[in-house]
Number of protein chains: 2
Amino acid sequence: MARIVMKFGGTSVADIARIRVVAEHVKREVDAGHEVAVVVSAMSGKTNELVAWTRDASALHDAREYDAVVASGEQVTSGLVAIALQNIGVNARSWQGWQIPIRTDNAHGAARIAEIDGSELIRRFGEGQVAVIAGFQGIGPDNRIATLGRGGSDTSAVAIAAAVKADRCDIYTDVDGVYTTDPRIEPKARRMNKISFEEMLEMASLGAKVLQVRSVELAMVHGVRTFVRSSFEDPHAPGMGDLLNPPGTLICDEDEIVEAQVVTGIAYAKDEAQISLRRVADRPGVSAGIFGPLAEANINVDMIVQNISEDGSRTDMTFTVPSGDVQKALAVLERTKETVGFDVIQHEEGMSKVSVIGIGMRSHAGVAATAFKALADRSINIRAITTSEIKISILIDGPYTELAVRTLHSVYGLDKQ
Amino acid sequence: MARIVMKFGGTSVADIARIRVVAEHVKREVDAGHEVAVVVSAMSGKTNELVAWTRDASALHDAREYDAVVASGEQVTSGLVAIALQNIGVNARSWQGWQIPIRTDNAHGAARIAEIDGSELIRRFGEGQVAVIAGFQGIGPDNRIATLGRGGSDTSAVAIAAAVKADRCDIYTDVDGVYTTDPRIEPKARRMNKISFEEMLEMASLGAKVLQVRSVELAMVHGVRTFVRSSFEDPHAPGMGDLLNPPGTLICDEDEIVEAQVVTGIAYAKDEAQISLRRVADRPGVSAGIFGPLAEANINVDMIVQNISEDGSRTDMTFTVPSGDVQKALAVLERTKETVGFDVIQHEEGMSKVSVIGIGMRSHAGVAATAFKALADRSINIRAITTSEIKISILIDGPYTELAVRTLHSVYGLDKQ
């Protein structure tokens, strides 16, 4: 007997027929003797419709009213899934965020979960009742509905799993797991059976759009074993594999990964822009003078590279921002020119960042050198490099993205079974 | 300065364009210096869609889950109307039933309002804030959403008006008021400027489908002056009349009606069936033996006529039920034959009930005689008669309904301005 949280996304609950399939799937876990909580998204397309209405009513709408409107989508599916479960003899009830309660901060529209009281859910597990929980929503300190931002149902599921001390959080989604790289670029990409929280965090934040980044952070902090699995629309269709054990990728503590790879995956992010400030005065506080105003303007600065200056008085500062934010960033930087004291700003758009990720590289030398040599062999120019303990990120010209991804995927042996 | 509750039905909030019109209308009342609470229904068609989904998920669905699903419709419109108000500079916020709270009993799907705490709404009036309240919903003793049954938003509005001690509750609806009879039958029917609570209750329960009956009961108990007015889709369209004072019918205490009519309106209900039990044993408890089982079977018995028996030992009992319930009623009655001890059951379908309503008839003799003579002059056969202090109901053959309504409307002078 295990305690499991099962999360189903919008396509899995898009209509009543699919909701019935979800119910059947939940029933199999219940029949297997498990304690189950279900977390659901809104029917696919519904959230977009609701968001469009709020925008239509006013371009600048109150985030608290947006939350009241948009959270209704998950309310509907939680009730419908509970009904579908009862219909096949499963004891179930729906829960809204305010009923549990899932307490959030006051950042309406993009709230963070502050605290979940799991005691009532646990008590009901003891009575054999399945909890069907509306994802994406909680209740703020103002006693009003607060939503967690797009993709927030993943975060709801992991947070619920932590609150009820679940053995596993199963995220059913459109993809059947986490791949060594994007299969659209490299058909030889393989699905990983396991990946550590840290690696997944790097993969997720670099654009492997499987899970919301915050849900992975939360899973890491609370040690929630999170299983990304494929949701199937018709369990009776041929070729669906082992229904009671659909394939997927388990995101877990690195201790659970017996044979850690040196490199586990290659991620990439397109549409990056590089901004360089030339001959910046090299004195304390200069970084804060540059990046403070950018942060205030809500510009997401990514790679930061600072070269040591030749004479110790002036330095070059290079960093990347999403291409869409370049003009805003340049305007902000122009206003700081006086106080920061740089010479010229240069910028270039159409760059990509490719990243080599692997927990094993902490204990292996030469991983970076392998990447640099492989890219050089393909005549791919490296514009900037940043490294962390488990990641090497390399900025290159955009048109080389696919070639670089395939080259790195191959050189670290990820093509092989 | 007055305190006003404004209730808008589904067609008034059917899309964002109409929601903007509602917001403009609310703004006019705010600009006129009034304290305003708005009660909204779901967008038209939305409740039907949600109900269909719950039925699709399971024919026998949990009423508590039904409530969670269906109440979402009003949640959406409350947020959208608040946004639309803010967009034109009106301080507004949405309120769900559980936030106020509107406490109900536990009868999910058809709950009754038990208590409303109006203190926070009143405090916010003091700050100049408009409350936009999701109609049709409250929170049950189980801390779950409870809906009030179809048409429940009228009841929400009147209950809110009572809780905040509003000066008036304006119900904006598809019709522009309450008429002396159905204008589709009698084009000379006139809109009443005022009608007493008691009369409206008789009109509403007899099929004048302007307001939910419970909302009228509530208005009567709490003395809430309720104004039924036409909602207009385009306030700039020609011929819309006085926008700040659209026409309508005020439902109020009879003391406020200076010149009470003897008869104020003619109501009717079609598709009635008459059931007669012949030679029923005339002893104590026999009525309970007949009508108890019918009530348990949820059959709505209306007119009941008991004739005095010739010899004091046996009597005839006649009553009406909706045509759709005849077969069920007959089956129930057959089972009581032994204990009740009647001779035969007769039944006839296709009857109609026409009713003459007026508070003035309490102090006027001859009202009933006028009706009987007028119908006799038209050769309309009277099958049964029941009377109350302010109403005379007459059962006739269905095909004569329109003729009877027009005849009675004319004989009491209701055609005249």
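What you see is a predicted model; the values in this text were computed from it and never measured. So that the names make sense, note that chain A is the first sequence line, chain B the second, and so on, each numbered from 1.
For the pair A/Ile83/B/Arg55, no side-chain contact is recorded, criterion being any heavy-atom separation below 4.5 Å from C-beta on. Between B/Arg144 and A/Gln99 there is a side-chain heavy-atom pair separated by less than 4.5 Å.
Residue-environment remark: NZ (B/Lys165) stays at or below the threshold of 12 foreign heavy atoms within 6.0 Å. When the shell of 6.0 Å around CZ of B/Arg103 is examined, it contains 12 or fewer heavy atoms from other residues, nucleotides or ligands. Surrounding CZ of B/Arg112 are at most 12 heavy atoms belonging to other residues, nucleotides or ligands under 6.0 Å away.
Contact of B/Trp95 with chain A is not made at all, since no heavy-atom distance falls under 4.5 Å. For a residue to count as touching a neighbouring chain, one of its non-hydrogen atoms must lie under 4.5 Å from one of that chain's; by this rule B/Ala23 does not touch chain A. Both the backbone and the side chain of B/Leu80 come within less than 4.5 Å of a heavy atom in chain A. For chain A, the nearby parts of B/Arg93 are the backbone and the side chain; heavy atoms of each come within less than 4.5 Å.
Between chain A and the residues B/Ala71, B/Ser58, B/Ser78, the largest count of heavy-atom pairs under 4.5 Å involves B/Ser58. Comparing A/Ala82, A/Ala68, A/Ala92, A/Gly73 by how many heavy-atom pairs each has under 4.5 Å with chain B, the most go to A/Ala68. Here A/Ser94 is the residue among A/Ser72, A/Ala134, A/Ala84, A/Ser94 with the most heavy-atom pairs under 4.5 Å with chain B.
Exactly one of B/Ile19, B/Thr77, B/Val76 qualifies for a side chain to side chain contact (heavy atoms under 4.5 Å, CB included) with A/Trp53. That residue is B/Val76.
The distance from the CD atom of A/Gln96 to the CD1 atom of B/Ile145 is 5.5 Å, given to the nearest 0.5 Å. Expressed to the nearest 0.5 Å, how far CG of A/Asp62 lies from CG of B/Asn87 amounts to 11.5 Å.
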